[in-house]
Protein chains: 2
Amino acid sequence: MKPKAAIEPVATEAAHLVDRLERLARAGEQSGGLNPAQWDALRYLARANRFSRTPAALAEYLATTRGTVSRTLASLEEKGLIARLASDRDGRSVDFDTTKAGRALLAEDPLAQIAADIAQATQNDARLFADLLQRVLRAALARNQGRAFGICRTCRHFRRDAANGAQGPHHCGLLDVPLSDADSARICAEQSPAAA
Amino acid sequence: MKPKAAIEPVATEAAHLVDRLERLARAGEQSGGLNPAQWDALRYLARANRFSRTPAALAEYLATTRGTVSRTLASLEEKGLIARLASDRDGRSVDFDTTKAGRALLAEDPLAQIAADIAQATQNDARLFADLLQRVLRAALARNQGRAFGICRTCRHFRRDAANGAQGPHHCGLLDVPLSDADSARICAEQSPAAA
DNA sequence: CTTCATAGTTGCTACTCGAAATTAATTGTT
DNA sequence: AACAATTAATTTCGAGTAGCAACTATGAAG
């Protein structure tokens, strides 16, 4: 009879909870002189591998526009928390990286408080909780045609120990470049989960 | 040896997931001419009972300031989605309520898409997922000295069928007022979970 | 009746966001 | 090689929001 399946009330309740939880988290993020968007950008740059530290990748990760990201990055750069570096792969492109000051500030990341709340509240179910969130995020991303930004070494293009250069022991089959241990443990804009 | 317990990596991962999921949700919330804060306010007013539809309560629910909320509400009022009513209990106070247009707009609440994603991704674990979120939110609220804003009838002050007036079958022991079925199914700023 | 607390609004500044225009470099085509 | 089309990133602009603090008005307490 109904044109589409009714959404279960418990799912709506969960959506409200996520919404309010995140609002709480954002309220705690005015510290350190940064606002929530700036924290998100700083965190991203610290977690992304060397192919993914561009304004365009960050904009996609944050589901926002390049214009907004450009201003956020300019603000962080002004504060000396990130540094700009012309790309050697692409003359149009710019890479950003956290500075020592940026990494020092991340040690006081307010998101750690939420992480502590999660650890305390979920106890032995923390893994389960993260897995459920992972699945929900994947569903939301699929609906928005968004990319996963998963860990490099879980990618279908990752070739472990396929070294053909001195720059790293591993290899990316998509970009055809060597990968260090560090980069392969970071998130990547091109990441596409291994089939199974 | 360590001054404080290290936060489990999986908890940090979960915090990142919540953060990104909410960003996705907010990106979808520019629809209907409302922004995320306005959606949050409109949703709240539709879910709050008659003691909780004030700017101060909303500010506390959203973990923001009364000044910010004042503007958000003014904006919604201008759009004809909520209506203002002087309080009879307190001359300083104002009550807001959703209008017919506001309730109509809520039928297109973009949060329903996230709810659908949750329903699809968690399947039979939706209840478990909501419970875990509930526990995390409680932990975060406790740290911030925030109030729960739970459902009225789960409150320790709720007295079922303790009618002493024609305004409703139930009773609030804290405010000493009658409660309708509708109000007792809504969230309340004064709600304090029953002991056990 | 004075003092203090509470409810809400408003001024200010910095920032967000999105749209459109701009600059620059890469890629494809002839 | 020259040219157009595409892509990357930035800039500018306008509407609006966040957070802080000052301000008005009402209520409560001594």
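Proteins come first, then strands; the chains are lettered A, B, ... in the order of their sequence lines, and each starts at number 1.
Residue-level contact check: B/Gln38 touches the backbone only, with heavy atoms under 4.0 Å from sugar-phosphate atoms and none from bases. Nucleic acid contact for A/Arg84: sugar-phosphate only, since backbone atoms but no base atoms lie under 4.0 Å from a heavy atom of the residue. Residue-level contact check: B/Ser93 touches the backbone only, with heavy atoms under 4.0 Å from sugar-phosphate atoms and none from bases. Within 4.0 Å (heavy atoms only), B/Gly91 reaches sugar-phosphate atoms of the nucleic acid but no base atom. No engagement by B/Ser87 is indicated, since no non-hydrogen atom pair under 4.0 Å with the nucleic acid exists. Residue contacts for B/Arg26: at a heavy-atom cut-off of 4.0 Å it reaches no nucleic acid atom on any strand shown.
Summary of the strand contacts: A/Ala27 and A/Gly67 both lie near DNA chain D, and taking for each the nucleotide with the nearest heavy atom, the more 5' one is attributed to A/Gly67. Nearest-nucleotide mapping onto DNA chain C: of A/Pro36 and B/Pro55, the residue sitting toward the 5' end is B/Pro55. Between A/Ser70 and B/Thr72, the residue whose closest nucleotide on DNA chain D is further toward the 5' end is A/Ser70.
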*Give the intermediate values and the outcome of side-chain contact (heavy atoms from CB on, under 4.5 Å) for residues A/Arg20 and B/Phe149.*
CA-CA 11 Å; A/Arg20 186 160 182 227; B/Phe149 284 82; 3.5 Å; yes
*side-chain contact (heavy atoms from CB on, under 4.5 Å) evaluation trace for A/Ser75 with A/Gln38*: CA-CA 8 Å; A/Ser75 173; A/Gln38 291 167 347; 2.7 Å; yes
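Atoms CG (A/Leu58) and P (D/dA8) sit 15 Å apart, rounded to a whole Å. To the nearest angstrom, P of C/dA7 lies 17 Å from CZ of B/Arg53. Taking atom CZ of B/Arg89 as the reference point, atom C1' of D/dT26 lies 14 Å away to the nearest angstrom. When rounded to the nearest whole Å, the span between CD of B/Glu77 and P of C/dG8 equals 13 Å. In this entry the distance linking CG of B/Asp90 with P of D/dT26 reads 11 Å, nearest Å. A straight line from CD of A/Glu60 to P of D/dT7 spans 14 Å, rounded to a whole angstrom. Put simply, CD on A/Gln30 is 12 Å from P on D/dA21, counting in whole angstrom units. For the pair B/Arg71 CZ and C/dT16 P, the computed distance is 18 Å after rounding to whole Å.
Side-chain N/O atoms of B/Asn35 include one lying less than 4.0 angstrom from OP1 or OP2 on D/dT17. Phosphate proximity of D/dG19 to B/Thr64: present, with a side-chain N or O under 4.0 Å from OP1 or OP2. Within the 4.0 Å cut-off from OP1 or OP2 of D/dA8, at least one side-chain nitrogen or oxygen of A/Arg66 is found.
None of B/Leu81, B/Thr68, B/Leu45, B/Val94 except one satisfies the side-chain contact (heavy atoms from CB on, under 4.5 Å) rule with B/Leu73; the exception is B/Leu45.
The CG atom of A/Asp183 sits 11.5 Å away from the CZ atom of A/Arg153 when rounded to the nearest 0.5 Å.
A donor atom on one side chain and an acceptor atom on the other are found under 3.5 Å apart for A/Arg143 and B/Gln113. B/Asn49 and B/Ser52 share a side-chain donor-acceptor pair at under 3.5 Å.
Listed nucleotides: D/dA25, D/dT10, C/dT16. Nearest to the side chain of B/Arg92: D/dA25. Side chain of A/Ala37, nearest nucleotide from C/dC17, D/dC20, D/dA9: C/dC17.
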